[in-house]
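Remarks on the structure that follows.
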Amino acid sequence: MKLIWLGHSGFRLEIGDQVLLIEPWLTGNPFFPQDRREEAVRGATHILLTHAHGDHAGDALEISGAQSVPIVGIYDLVSRWEAQEGADVIGFNKGGTVMLGDVAVTMVNATHSSSLNGDGGAGSEAGFMISHDDRTIYVSGDTDVMADMAVFEALHRPEIGVLCIGGHFTMDQTRAAYAANTFFNFKTIVPCHYRTFPLLAQDAGELKQLWTSGEVIEPEVLEAIDL
């Protein structure tokens, strides 16, 4: 499988028979080269959203319409878009699993907030367990450390963690390392939700010092990580 960073919390995940765009915030993303937009979205099969904040969901409707692919996310948000925008959606909720081709996506809890342009009706924040061929990737979404993570490990045993580490709006590197050391048995961590703005952590150095059980791979925009 290949994981390709789109900047901030956005990724292109090529897994099984799917090409999943996870949080593809491209417009206004200072890390994303706008002249490579077509490359980033080409061949996408689904768009996955953990919550409605603009730095995650801002391009979802446009990409979904242009690429004719469904938006997959929490029922409240995507059903609103289906009713108001005519969007193609797959809505589900925490604890639920949907099959996207031969890839299983389970929605799990997160602790953050969610709103659509400051308005309600956006459901709540979440994360994803994405599984294919007995391998699982945990996409944390925006979250703090939670005791729920012990349940995630027991039920899903993810070998790869895509973890927010930037601080201020999400858990910082100390807390992300605590989560990894306390609750998970990752082989690889790919950090996200950092470097985008001066307010956020600018590298993953602290995480690398505090979590030494596997490899921390700092992503570069549009450079594939083979996992």
Does the side chain of [X] pick up a donor-acceptor pair with the side chain of [Y] at under 3.5 Å?
X: Asp59; Y: Thr27; answer: yes
X: Glu23; Y: Thr50; answer: yes
X: Thr136; Y: His156; answer: no

Hey, what do you get for [atom1] ([X]) to [atom2] ([Y]), rounding to the nearest 0.5 Å?
X: Cys164; Y: Leu200; atom1: SG; atom2: CG; value: 10.5 Å
X: Ser131; Y: Arg157; atom1: OG; atom2: CZ; value: 13.0 Å
X: Asp55; Y: Thr196; atom1: CG; atom2: OG1; value: 8.0 Å
X: Phe186; Y: Ile137; atom1: CZ; atom2: CD1; value: 11.0 Å

Note: [X]-[Y] ion pair, threshold 4.0 Å (strictly below):
X: Asp144; Y: Arg175; answer: yes
X: Lys94; Y: Asp148; answer: no
X: Lys187; Y: Glu215; answer: no

Task: Connected via hydrophobic side-chain network under 4.5 Å: Val98 and Leu48 - done: yes
TODO: Return yes when atom OH of Tyr75 has more than 12 non-hydrogen atoms of other residues, nucleotides or ligands closer than 6.0 Å, and no otherwise.
DONE: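 Not more than 12 within 6.0 Å, no.
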Open item on the list: With a 6.0 Å cut-off (strictly less than), is the heavy-atom count around CG of Asp226, excluding the residue itself, greater than 12?
Closed with: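 Counting neighbours around CG of Asp226, more than 12 heavy atoms of other residues, nucleotides or ligands fall under 6.0 Å, so yes.
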Kindly say whether the aromatic ring centers of [X] and [Y] come within a distance under 6.0 Å.
X: His56; Y: Trp25; answer: no
X: Tyr178; Y: Trp211; answer: no
X: Tyr138; Y: Phe152; answer: yes

Open item on the list: Applying salt bridge (charged side-chain N to carboxylate O under 4.0 Å, His left out), can you list everything that pairs with Glu218, at least two apart in sequence or on another chain?
Closed with: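 Glu218 satisfies salt bridge (charged side-chain N to carboxylate O under 4.0 Å, His left out) with Lys208 once adjacent residues are dropped.
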Task: Partner residues of Phe128 under the ring pair (Phe, Tyr, Trp, His ring centres under 6.0 Å) criterion, sequence neighbours left out - done: none
- [ ] Begin with the C-alpha distance, continue with both residues' side-chain angles, and end with the deciding distance and a verdict on side chain to side chain contact (heavy atoms under 4.5 Å, CB included) for Met146 and Asn109.
- [x] CA-CA 9 Å; Met146 304 174 292; Asn109 196 31; 3.9 Å; yes
Task: Derivation of the ring-ring contact (aromatic ring centres under 6.0 Å, His included) call for His168 and His193 - done: CA-CA 10 Å; His168 196 84; His193 208 284; over 10 Å; no
